[in-house]
K.L.:
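This structure is in structure tokens; I'll ask about it shortly.
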There are 2 protein chains.
Amino acid sequence: MRLTSKGRYGVSAMVDINNNGKEGKPVTLAAISERQFISLSYLEQLFRSLRAGGLVRSIRGPGGGYLLAHPASEITIANVIQAVNEPIRTTLCENAVRGCHRGRRCDTHQLWDAMGKHIYRFLDAVTIEMVCQKEVDLNNLELKPVEDIVTEVRMEQKIAKVS
Amino acid sequence: MRLTSKGRYGVSAMVDINNNGKEGKPVTLAAISERQFISLSYLEQLFRSLRAGGLVRSIRGPGGGYLLAHPASEITIANVIQAVNEPIRTTLCENAVRGCHRGRRCDTHQLWDAMGKHIYRFLDAVTIEMVCQKEVDLNNLELKPVEDIVTEVRMEQKIAKVS
DNA sequence: AAAATACTTGACTAAAATACTCTGGTTTAT
DNA sequence: ATAAACCAGAGTATTTTAGTCAAGTATTTT
């Protein structure tokens, strides 16, 4: 999983649908484009991925648009980010089995592995619905135990920004 | 704070010094270069930042090298990553005071803010010493309460990779 | 004093990734 | 039929990153 502004846009779009597509009315990409300041072409690209990931379904023709494929309470931020990003290519660090450099597991492997799990646990605990409900305190969530996290982590380039 | 492979290299180098510079002996960049597979030139660039950040001190001349400026138990991963990365330029999201787009705080602002804090709390809880002590379980750390976190968060491009 | 070792600094560059845009479709409701 | 709306792939400009190069300066050992 990569966290990029593509993922950010994906989440914004999903939240927009949940906020504006009440009563089963589909939301058009043109409407999302205006509200979220995302170009239509780029949205089309994003929704291609979201649709392939089973997160939205579309209704074609005039009056059509997009709907969430599941209740907002069942779609996590991790789901969205995973959907819009391509599968990963290994770059710096080989996978956990092979070790990091030339068969030797690097001294910091555990650290980056733990960090990735830590991030994932957060993103997996937050749903689209929670983002829409402003009163939810995202700073004190109940996270799933680490044992339930099945991901394997790699650190690549940019990761986050905390000034 | 950005998490990049530059930060990764920085942490590797700091861990290397702690592991190999016992008894107050300085560690040369050439030695780190060999052990960690980082080019000497690039290490020089990294250590310029680490030194400016007060994390290492140098001893010049033959027999010289670098020492940790503080005990490994007092240097956090957040410290290292902060030191090697340039100050941040705002791109997508304005700061917390100004709002996100044209004065309007975006619907997902809280989410990315909370995510940044979540990541920071982890990196601030892990010290160089902990990374060196393989028996520490980084997956179940005691984190500082959110109230004590003074950072402000922005999401930019790539953020993390969790396959 | 000379020489070797090692740190210091700034500028520069190549490669990769990202964030889009563009063009041309196809489907479906009215 | 027509228009709204989705679908798809290729392509491109920008940004960022990772890393190099060249030319120093400081310190210790011999």
Side-chain angles (χ1 to χ4, degrees), chain A residues 2-10 12-13 17 21 25-34 36-52 56-67 81 84-92 155-161, chain B residues 2-10 12-13 17 21 25-34 36-52 56-67 69 81 84-93 155-161:
Chain A
R2 289 189 295 250
L3 298 188
T4 68
S5 68
K6 195 171 184 176
R8 179 190 177 78
Y9 285 138
S12 292
I17 292 179
K25 287 266 174 67
V27 179
T28 69
L29 293 188
I32 299 174
S33 174
E34 280 192 5
Q36 305 300 327
F37 306 100
I38 309 172
S39 82
L40 187 57
S41 298
Y42 199 41
L43 276 175
E44 287 173 347
Q45 193 184 103
L46 287 173
F47 275 76
R48 215 182 302 179
S49 300
L50 292 172
R51 190 172 188 286
V56 296
R57 61 196 176 83
S58 65
I59 298 176
R60 306 183 74 148
Y66 284 94
L67 297 167
I81 287 170
V84 299
N85 285 300
E86 308 295 321
I88 305 163
R89 284 187 320 184
T90 299
T91 46
L92 268 178
M155 182 169 168
E156 196 189 27
Q157 265 103 12
K158 275 197 183 176
I159 299 216
K161 217 181 200 184
Chain B
R2 289 189 294 249
L3 298 188
T4 68
S5 68
K6 196 170 183 177
R8 181 191 176 78
Y9 285 138
S12 292
I17 292 179
K25 286 267 175 66
V27 178
T28 68
L29 293 189
I32 298 174
S33 175
E34 281 192 7
Q36 305 299 326
F37 307 100
I38 309 172
S39 82
L40 187 58
S41 298
Y42 199 41
L43 276 175
E44 287 171 348
Q45 194 183 101
L46 287 174
F47 274 77
R48 211 184 302 179
S49 301
L50 292 173
R51 188 172 189 285
V56 297
R57 59 197 176 84
S58 64
I59 297 176
R60 306 182 76 146
Y66 284 95
L67 296 168
I81 287 170
V84 299
N85 285 299
E86 307 296 321
I88 305 163
R89 283 189 320 183
T90 300
T91 47
L92 269 178
C93 214
M155 180 169 169
E156 196 188 27
Q157 265 103 13
K158 275 198 184 174
I159 299 216
K161 216 180 202 184

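Protein chains get the first letters and strands the later ones, always in sequence-line order, with residue 1 at the start of each. Being a predicted model, the structure only gives us computed values, none of them experimental.
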K.L.:
With a 4.0 Å cut-off on heavy atoms, is B:Thr28 in touch with a base, just the backbone sugar-phosphate, or nothing at all?
P.N.:
sugar-phosphate
K.L.:
If I compare all heavy atoms of A:Ile38 with all of A:Ser33, which pair ends up nearest, and what's the gap?
P.N.:
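Residues A:Ile38 and A:Ser33, closest heavy atoms: O-OG, 2.6 Å.
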K.L.:
Measure from CD on A:Glu44 to P on D:dA4 and round the result to the nearest Å.
P.N.:
15 Å
K.L.:
Would you say B:Ser58 reaches C:dT8's phosphate, i.e. side-chain N/O to OP1/OP2 under 4.0 Å?
P.N.:
yes
K.L.:
Heavy-atom nearest nucleotide on DNA chain D for A:Phe47 versus A:Pro62: which residue maps closer to 5'?
P.N.:
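Its nearest nucleotide being more 5', the pick is A:Pro62.
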K.L.:
With both distances kept under 3.5 Å, what pairs with D:dT30, Watson-Crick or G-U wobble?
P.N.:
C:dA1
K.L.:
What integer distance in Å separates B:Leu50:CG from C:dC7:P?
P.N.:
13 Å
K.L.:
From C:dT28, D:dA26, D:dT20, pick the nucleotide closest to the side chain of B:Ser41?
P.N.:
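Closest of the options to the side chain of B:Ser41: D:dT20.
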K.L.:
When the distance from CZ of B:Arg60 to C1' of D:dT27 is rounded to whole Å, what number comes out?
P.N.:
8 Å
K.L.:
What nucleic acid atoms does A:Ser39 come within less than 4.0 Å of, heavy atoms only: base, sugar-phosphate, or nothing?
P.N.:
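A:Ser39: backbone/sugar contact only, no base atoms under 4.0 Å.
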K.L.:
Could you check which nucleotide pairs with D:dT12 in any of the strands shown, counting Watson-Crick or G-U wobble with both distances under 3.5 Å?
P.N.:
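C:dA19 - that is the nucleotide pairing with D:dT12, both distances being under 3.5 Å.
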K.L.:
Would you please confirm or rule out a distance under 4.0 Å between OP1 or OP2 of D:dG19 and any side-chain N or O of B:Tyr9?
P.N.:
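Yes, within the criterion.
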K.L.:
Heavy atoms only: give me the nearest A:Pro26-A:Gly63 pair and the separation to one decimal.
P.N.:
CG-O, 3.5 Å
K.L.:
Heavy-atom count around B:Glu44 CD within 6.0 Å, excluding the residue itself: above 12?
P.N.:
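It does: B:Glu44 CD has more than 12 such atoms within range.
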K.L.:
What is the distance, to the nearest angstrom, from the CZ atom on A:Arg48 to the P atom on C:dG24?
P.N.:
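Whole-Å distance recorded here is 16 Å.
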K.L.:
Could you state the CG-C1' distance from A:Leu46 to D:dC7, rounded to the nearest angstrom?
P.N.:
14 Å
K.L.:
If you only use heavy atoms from C-beta on, which nucleotide in C:dC20, C:dC7, C:dT26 is closest to the side chain of A:Gln45?
P.N.:
C:dC20
K.L.:
Quick one: A:Arg57 CZ to D:dA5 P, roughly how many Å, whole number?
P.N.:
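Nearest whole value for this atom pair: 18 Å.
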K.L.:
Evaluate the side-chain proximity of A:Leu67 to A:Ile17: yes if any heavy-atom separation is below 4.5 Å, no if none is.
P.N.:
no
K.L.:
Between A:Leu40 and B:Gly65, which has a closest nucleotide on DNA chain C that is more 5'?
P.N.:
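Mapping each residue to its closest nucleotide by heavy atoms, the 5'-most match is B:Gly65.
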K.L.:
Check for a donor-acceptor pair, side chain of B:Ser12 on one end and backbone N or O of B:Arg8 on the other, with a separation under 3.5 Å.
P.N.:
yes
K.L.:
Heavy atoms from C-beta onward define the side chain here; which of D:dA18, C:dT8, C:dA19 lies closest to that of B:Ser5?
P.N.:
D:dA18
K.L.:
Is the phosphate of D:dC7, meaning OP1 or OP2, less than 4.0 Å from a side-chain N or O of A:Arg51?
P.N.:
yes
K.L.:
Rounded off to whole Å, could you give me the OH-to-C1' distance for the B:Tyr42 and C:dT8 pair?
P.N.:
17 Å
K.L.:
Go through it in stages, so that I can follow the logic: the residues are A:Leu43 and A:Tyr66, the test is side-chain contact (heavy atoms from CB on, under 4.5 Å), and I'd like the CA-CA distance, side-chain angles, deciding distance and then a yes or no.
P.N.:
CA-CA 12 Å; A:Leu43 276 175; A:Tyr66 284 94; over 6 Å; no
K.L.:
Would you mind telling me which of D:dA4, D:dC6, C:dA19 lies closest to the side-chain atoms of A:Lys6?
P.N.:
C:dA19
K.L.:
Would you kindly give the CD1-to-P distance between A:Ile59 and C:dT30, to the nearest whole Å?
P.N.:
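Interatomic distance, CD1 of A:Ile59 to P of C:dT30: 11 Å.
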K.L.:
Base, sugar-phosphate alone, or nothing: which one does B:Tyr66 contact when heavy atoms must sit under 4.0 Å apart?
P.N.:
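Here B:Tyr66 touches the backbone only, sparing every base.
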